[in-house]
Amino acid sequence: QVQLVESGGGVVQEGGSLRLSCAGAGQFQGNYAMGWFRQAPGKEREFVAALSWIGGRTYYADSVKGRFTISRDNGRRTMFLQMMSLKPEDTAVYYCAHKAVDSDYYAADDYYYWGQGTQVTVSS
C-alpha cells in the first residue's frame, strides 16, 4: 500500500509560480517511478512530468518543458513540481501518482496509486 498526499495548489496570476508537493507513505520498494498528471474540466487526465525514483531521470510533457521542474527528496519520500511562467491553460487539478515499474511513464493507466489532487488556477 502506498499513500500520496498533494499540497501547494492555489490561485496565481498568469506568469506566476507555484510549487506542488506530494508526500508519500507506505510500501515504497524497488525501482519505482512517480509522476504528476493534471485534469482540467471536461478534459482527460494528461501527463505532466515523471521521475525515476532511484535513477533520478526526469520526463516532461512538451507543454510544460522548460517551465516545470520535477524533483524529489529521497529521505522524506516527497516529490515536488516547481511550476514557473504559469499560463491559464495550466489550470487543472494536479495529481501525483506512483507506479511499481520504472518504465512507461506517460500513460495514467500505468500508475496504480494516486493522491486526491490539488487545484491550480491561473488567472489571466
Side-chain angles (χ1 to χ4, degrees):
Q1 283 282 354
V2 170
Q3 297 83 42
L4 303 171
V5 178
E6 303 96 336
S7 61
V11 179
V12 63
Q13 286 194 330
E14 185 174 6
S17 302
L18 279 175
R19 189 192 196 208
L20 305 183
S21 299
C22 173
Q27 299 295 323
F28 283 73
Q29 296 176 341
N31 287 338
Y32 57 90
M34 292 185 65
W36 288 98
F37 288 77
R38 65 187 182 187
Q39 187 165 20
K43 294 189 176 182
E44 292 190 356
R45 192 168 296 191
E46 66 172 358
F47 171 79
V48 175
L51 177 66
S52 168
W53 200 264
I54 302 300
R57 297 181 304 275
T58 57
Y59 307 85
Y60 295 95
D62 287 343
S63 59
V64 306
K65 207 171 289 184
R67 299 188 299 122
F68 291 10
T69 303
I70 189 171
S71 62
R72 73 196 190 292
D73 180 332
N74 262 337
R76 291 165 48 200
R77 290 180 179 172
T78 301
M79 180 174 66
F80 305 99
L81 185 68
Q82 178 68 50
M83 305 186 294
M84 312 276 287
S85 302
L86 283 162
K87 306 174 181 180
E89 51 263 44
D90 294 318
T91 295
V93 177
Y94 283 70
Y95 299 89
C96 67
H98 172 284
K99 64 191 309 286
V101 178
D102 188 11
S103 64
D104 301 320
Y105 307 100
Y106 302 98
D109 287 347
D110 289 334
Y111 290 75
Y112 190 78
Y113 295 104
W114 292 82
Q116 82 289 350
T118 185
Q119 176 70 47
V120 171
T121 303
V122 183
S123 60
S124 57

Evaluate the ring planes of Trp53 and Phe28, with Trp represented by its six-membered ring, and classify them as parallel (under 30°), tilted (30 to 60°) or perpendicular (over 60°). tilted

Determine whether the aromatic ring centres of residues Tyr59 and Phe47 are separated by less than 6.0 angstrom. no

Given side chains that start at C-beta, do those of Leu4 and Met79 come closer than 4.5 Å, heavy atoms only? no

Shared hydrophobic cluster for Leu51 and Tyr105 (ILVMFWY, side-chain gaps under 4.5 Å): no

Test side-chain hydrogen bond (donor to acceptor under 3.5 Å, both in side chains) on Asp73 and Thr78; report intermediate values, then the result. CA-CA 5 Å; Asp73 180 332; Thr78 301; over 6 Å; no

Shared hydrophobic cluster, Met34 / Leu81 (ILVMFWY, side-chain heavy atoms < 4.5 Å): yes

Output yes when Lys87 and Asp90 qualify as a salt bridge under the 4.0 Å nitrogen-oxygen rule, no when they do not. no

Report yes or no: do Met83 and Tyr95 belong to one cluster of Ile/Leu/Val/Met/Phe/Trp/Tyr joined by side chain heavy-atom distances under 4.5 Å? no

Quick check: do Gln119 and Thr91 have side-chain heavy atoms less than 4.5 Å from each other? yes

So if you build clusters from Ile, Leu, Val, Met, Phe, Trp, Tyr with side-chain heavy-atom gaps below 4.5 Å, do Phe80 and Val120 land together? no

Counting only heavy atoms not in Gln116, do more than 12 sit closer than 6.0 Å to its CD atom? yes

Close side-chain approach of Val2 to Tyr32, heavy-atom, < 4.5 Å: no

Residues Lys99, Asp104: salt bridge by 4.0 Å N-O rule: no

Any non-hydrogen side-chain atom of Arg38 less than 4.5 Å from a side-chain atom of Ser63? yes

According to a 4.5 Å side-chain heavy-atom criterion applied to Ile, Leu, Val, Met, Phe, Trp and Tyr, with indirect links allowed, do Phe37 and Tyr60 form part of one hydrophobic cluster? no

